[in-house]
Structure formats: C-alpha cells, structure tokens
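So you know, we letter chains A, B, ... as the sequences are listed, proteins then strands, and number each from 1. Both backbone and side-chain heavy atoms feed into the values below; hydrogens, waters and symmetry mates do not.
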There are 2 protein chains.
Amino acid sequence: MGPDREPEKMEPVSADQVTALRRFNRYFTRRIGALDDHYLGQDRPLGEARLLFEIGGAGASLRELRSRLGLDAGYLSRMVRALESQGLVRVSVHPGDSRLRVAGLTAAGQAEVKEQNRLADGLTEGLLSGLDAPRRAELTAALGTAHRLLRLAAITVETVDGASPDARACLDAYAADIDERFPEGFDPGTLVRPHEVSGDAGAFLVAYEEDRPVGCGALRRLAPRVGEIRHVWVHPAARRLGLGRRILDGLEQRATEREFTVVRLDTHATLTEARAMYRACGYTEIPRYDDNVYAAYWFEKRLPGAGAQEPPAR
Amino acid sequence: MGPDREPEKMEPVSADQVTALRRFNRYFTRRIGALDDHYLGQDRPLGEARLLFEIGGAGASLRELRSRLGLDAGYLSRMVRALESQGLVRVSVHPGDSRLRVAGLTAAGQAEVKEQNRLADGLTEGLLSGLDAPRRAELTAALGTAHRLLRLAAITVETVDGASPDARACLDAYAADIDERFPEGFDPGTLVRPHEVSGDAGAFLVAYEEDRPVGCGALRRLAPRVGEIRHVWVHPAARRLGLGRRILDGLEQRATEREFTVVRLDTHATLTEARAMYRACGYTEIPRYDDNVYAAYWFEKRLPGAGAQEPPAR
DNA sequence: TCTTTCCTTTGACTTTAGTCAAAGGAAAGA
DNA sequence: TCTTTCCTTTGACTAAAGTCAAAGGAAAGA
C-alpha cells in the first residue's frame, strides 16, 4: 500500500502485555471461537458455512468475498457454484462492471443463515447465562473496550500521494460528509490540491483498516515553518476508536520532520467534537488566520523539538 | 459428568450482550486468532505445529494430548510418528503404566517451539505497538477481565455423590491444602462422610472447568431446618475468578431446596479472605455453635424464601 | 486502437484433516 | 485366573481445503 508507514511509537512493549494477549488469544480461540465454528457448520463444510454467512443479507461480489475470506479464486468459484446448485445462492453479473459477479442469498440461503445465527446466539446465551447480571455487564464492557483497542491497534496510518485513488476516495467521502453536515453545504473546490501535500510542502495521510481506507488527514505549508492541518476525517464505521487523534499525531510528526515550528487549523462551527479533540491534543484557540468561509474557530499548536524559535508573526 | 447440573440463574440474557460477544468473537477469531495460527505453522501443517506446542517442554502422554487437542487416536498416533521421524519428538513408555506412551521434545523440537514462540511474540508485539502506553495498559486490563469472566462463565457447578472419585479428589486436595496452611495441621478424619451429604440430608457440589474438577463444597444437616456449609474449596489455578461465591450460591440453593431456613459455617483464623467473602455474601458472625477445633469464627445466613419461620434456637 | 490489467472459470493436482474398525499388549477388577 | 477395560497402532478410506496455471471476456490506460 502506501510506501511510507507511520514510524512506530518508540515506547517499548512490556513482555507481560505480550504474554497476556497471547494467553487470552489461546484461551479464546480454543474455547469460544472453536465452539462457534463447530456449530456454524452443522452439516455443511465449515468453508461453505462461512461463505454463506459472509455473503449475508446484502450479497457481495466474488472479489470482495475473496479478499474478506482470503480464499483462492478457483476455490471460491467452485464453492459458490456448489452453493448455487444447492439452491442457496444466486449469482449475477455486477451491474456496473461486468467482469465482476455478485452472489446473493436465495430465500433458502437466508433461512439457513438465520438458523446458523439462531444456533450461535443460543450457544452464546448459554455461555453468558453462567454469569450473574453485574458480571455479564462487566464482561460486555471489557469486550467492548478490547474490541475497540484491538481495532485501533490494527489500523495503520500511512503517507500516500495526494493524487492516489485512496486519497481521492477519502477526500470525496470527507466532502460528501461535511456537505451534509454544514448548513451551507460544502464546495469541493476548496479541498487541498495534490501538489500542496507532497514533498517538503506537506503530506497526506491515509489510515487503513484491513487494507481499506478509513480516514485521512492533510498537512500543507502555510508560510515558512508554519504548517496547516486540514481534512482530518474518519470513516463513520471507524469512529470512536481514537483514530482522529492518531491521524493528528501522525500529521504533527510529519510537520516536525519538515521543521515546521507550529501547526494551525480551522474548524467549522458545527464540529464540536473536533474542537474538543483539538483542545485535548494541546491546541489553543487563536484569532482568524485565513479567509476560509467555513471556519468559525482557529487553533494552533507549537511543536515540541522545534527548539526555542519564535513562531512567525500572525 | 454429574447428573444434576446447577439450575440456571433465571435473569434473562440481553440480546445486546449476545451480539457484543458474537461480534467480538468474529472479529477476534478472524483478525487475531487466525494470524497467530498462520504464523504458528510456518512451514508445517497447523495440526503438527499445535501438537508440538502442546507437548511443550514438560512432555505429555498421548492420552492427555488426545483429550487436550480433541484428536482421534489413530490420527494422533500417526502425527506423533511423523514428528518422531523428523527428529522433533521422542516417544517412550510411561514409567507407571506401560499402556501409555509419553511424548517429549528433542533438542530440535524445543528449538522449533522456541522459534514459534518468538514469532508469535513478535507478531503480538507488533500489534501492541500500534497503541500508546496508556491504551496498551487499558487493553491488557480489559483482556484480563474478559479472560477471567469467560473462564468463570464456562465453569459448571454440579451436584455429585460425595463418594465419587471427583468428590474424593477435591476433598483430598482441600485437606492437603489446609493441612499446609493451618499451623496445627489438619486431620482428614474430620471431613464430611458421604452419607452426610446425600439425599435430604445434604449435598456435595463439584465445579468443573473443561471436565476437570476445580472446586467443591458440601452441605449437611446440622439440625432440623438448619444446614451447615463445609469444605468450600477452589483449586489454586481457578482462584480469583469468583468461583467460591458461585459454589456458595449453589450450596444455598440446595439448602433452600431442602427447606433449610438457615445455614451456618465456621472458619479458621488463618482464612481471612474466606471470612471476607462470607461477610460479602450476607453471612453474619454468630457465637460458637460447634466444637470444631479448627474453627475460630462462626457465621450464619437466613435463607430467603424460607418464609417467616423462626430459626431454631442455637 | 491497442495493450495491459482485472476478474472469474476450469482442469488437474496435492495436502491436511479426519473417520472407522480391527487388533494386540497391558492393567484392573471379579 | 479370567474377563473386561484401556491405550495405542495399523490399514483403509473419505472429505475438505488449498494450490497453480492456463484461458477468456471485460474494463482501463496509453
């Protein structure tokens, strides 16, 4: 993917933490995960059961299924055909791109998936019924936290070319997102241009979760030694993980690499969570520094390691 | 195992909790568990790699391996032979019972397991390095909680015959345990007799984790409508899960079924954690009611649902 | 328009994983 | 001592999972 992976944070990982995660992994995979799998494929090979489940209510293209399940193209093709001949799956040509096929469940397929879910739910319920209500709540909370943090840990933030398809896709999504959120709409013409975020002038970061872009952020030079952070965006499905902060950290790192001593940013009146995040990350409010029609608040942050140099006058 | 499984607690399990656990399961098994497996068997079939890992430094009998990994006897036999012919495993006859074989790792086998561990540790470390230190600590804590509660949920508490091998094994372990802990030692002659804990007179509970007994507790009749709880014990490997409390709950349930209106128990001066647990579970301290030479504290609890009846005089 | 790249299908395999039953030596119970 | 029960090995299979390469139609880029 992007050539330039986010530099690792240099705090060492304690061996105890590694051990704890590995112990949990062993226990969980063996005791809980295996159980679920075992019941998933009642009288059907596990591969087929998983495929059926993955196709799900909405259907999916073979290409997507292949990447989600990590299967060989030939193997998948045959399994889909097998399910089709059992009347559980229907395959059709993708409307937009006739190289692709999309698989969807028939009524019989849906019934089987529903039954799978019923069984797995029952199993899970049986497990949970071994705990009283307060402990169940404690378990649910702990699993929620673990899920959130594991996802966050697995996301990588990479420097990409501002003109790359992933960067454009993120910016488009960003633009559509805020166009809906700003009462006055949003003009995509005001987005950063690729040349503004390349080389010494700036950077463009994309966050990837399982090879899918789920967030972005741009850094460009406003003036010598002054950077501006723009378009920090997180995909709705990846919000509340703390990813915005990670992207922001990454951008500040890039700014430091470019010897910027200060970074600025502006934000819209409606984005109150963003404002809170900037404050929490050490940004302080400053007077208007640009003529961005969407902005209502302006912030800046002095970068550490930039020495005792004065920031340029505003 | 035991015929009479602990009645389910009747609080309903919320659908959200079931969904949360299933979602976590899916995510974790696919993303983390699968990764680990994939690296475990670098250029070796997963089954063999798992077997090698399971034999581990201490070695294990084939019988044990079969039950731990849930393998067919023939299949296991062949896999062990394959590893033996690769020089990774050495098989010998069990010294005590020549029907059994024990498998142990050769130097080469140990080196390979060590390498497996190194790889898996590195992978885990890589994952954790995506988080900053406070979040890593949060994740570790959440996984610890989840692990503890999942184990507790998977433990079943069953009524068994007081003379059964599992019951005897627990009582022996209990006796050895407190013999070591009491400064004056412990005379196993004072343990309950099987007839005291059967039928209407009482009950004997054994807690099972993955079919292994990991705790016990006894209930016997002291006087009409008065029960006594004795020998509540938890295996060292299953402590700090909250299992003692569950056994206690189970015993109180059995007491209620037998229409006891009150249960009593005594405890040794050295068992301070036990005393705290009894207090937290609603027991109140009472004067000496027996001549148990090991007892220093006496407690009782009125059972709910037993109506307005007076407890018998002390 | 002409490559080149994508996506899927098909054929031809190989490896892993797993099952079942028969058989034989060893220990435990009657 | 004589079953009966255990534990392991062996033979004979089957099913599932996975791999690799060739090929053909469709879209995208030059």
Worksheet item: In the strands shown, is D/dG24 matched to any nucleotide by a Watson-Crick or G-U wobble pair with both distances under 3.5 Å, and which?
Response: C/dC7

Worksheet item: Between D/dT9 atom C1' and B/L62 atom CG, what is the distance in whole Å?
Response: 10 Å

Worksheet item: Is D/dT19 paired to anything, Watson-Crick or G-U wobble with both distances less than 3.5 Å, and if yes, which nucleotide?
Response: C/dA12

Worksheet item: Starting at CG of A/L76 and ending at P of C/dT9, how long is that distance when rounded to a whole Å?
Response: 8 Å

Worksheet entry | Flag side-chain contact, heavy atom, 4.5 Å: B/T106 against B/V89 | no

Worksheet entry | Nucleotide nearest B/R63 (side chain, heavy atoms from C-beta), chosen from C/dT9, C/dT8, D/dT8 | D/dT8

Worksheet item: Nearest of C/dT8, D/dA27, D/dT8 to any side-chain atom of A/D97?
Response: D/dA27

Worksheet item: When the distance from CG of A/L69 to C1' of D/dA17 is rounded to whole Å, what number comes out?
Response: 13 Å

Worksheet item: Given the rule in the salt bridge (Lys or Arg N to Asp or Glu O under 4.0 Å) test, do B/R30 and A/E54 qualify, once you have shown the distances and angles that lead to the verdict?
Response: CA-CA 12 Å; B/R30 193 167 50 89; A/E54 204 64 35; 5.7 Å; no

Worksheet item: With a 4.5 Å heavy-atom cut-off, do A/L191 and A/F186 have their side chains touching?
Response: yes

Worksheet item: Roughly how many Å is it from CG in A/D43 to P in C/dG18, rounded to a whole number?
Response: 18 Å

Discussion item. Of the options D/dG18, D/dA28, D/dT9, whose atoms approach the side-chain atoms of A/R99 most closely?
Written reply: D/dA28

Worksheet, complete the sentence: Closest of C/dT8, C/dT19, D/dT8 to the B/R101 side chain is D/dT8

Practice prompt. From the options D/dA27, D/dA17, D/dT9, select the nucleotide whose nearest atom is closest to the side chain of A/Y75.
Written response: D/dA17

Worksheet item: For B/R81 and A/D72, take the nucleotide of DNA chain D holding the closest heavy atom to each; which residue's nucleotide lies nearer the 5' end?
Response: B/R81

Worksheet entry | Side chain A/R78 and base D/dG18 donor-acceptor under 3.5 Å | no

Item to complete: Establish, with yes or no, whether the OP1 or OP2 oxygen of D/dA27 is under 4.0 angstrom from a side-chain nitrogen or oxygen of A/S98.
Response: yes

Practice prompt. Could you check which of D/dA17, D/dT10, D/dA27 has an atom nearest any side-chain atom of A/P45?
Written response: D/dA17

Practice prompt. Give the rounded distance in Å between these two atoms: CG of A/L71 and P of D/dT19.
Written response: 9 Å

Worksheet entry | Residue pair A/Q86 / A/R44, side-chain donor-acceptor N/O under 3.5 Å | yes

Practice prompt. Quickly work out the A/M79 CE to D/dA17 P distance and round it to whole Å.
Written response: 7 Å

Discussion item. Counting only Watson-Crick pairs (N1-N3 plus N6-O4 or O6-N4) and G-U wobbles (N1-O2, O6-N3), all under 3.5 Å, who is the partner of C/dG29?
Written reply: D/dC2

Discussion item. Given D/dT19, C/dT9, D/dC7, identify the nucleotide with an atom nearest to the side chain of B/R66.
Written reply: D/dC7

Worksheet item: Which whole-number value in Å describes the distance from A/E64 CD to C/dC7 P?
Response: 12 Å

Practice prompt. Measure from CD on A/E48 to P on D/dA17 and round the result to the nearest Å.
Written response: 8 Å

Worksheet item: Below 4.5 Å, heavy atoms only, C-beta onward: do B/V214 and B/V234 meet side chain to side chain?
Response: no

Fill in: Greater than 12 external heavy atoms within 6.0 Å of B/R63's CZ
no

Practice prompt. Please determine, for the side chain of B/L46, which listed nucleotide (C/dA17, D/dT19, D/dT9) has the closest atom?
Written response: C/dA17

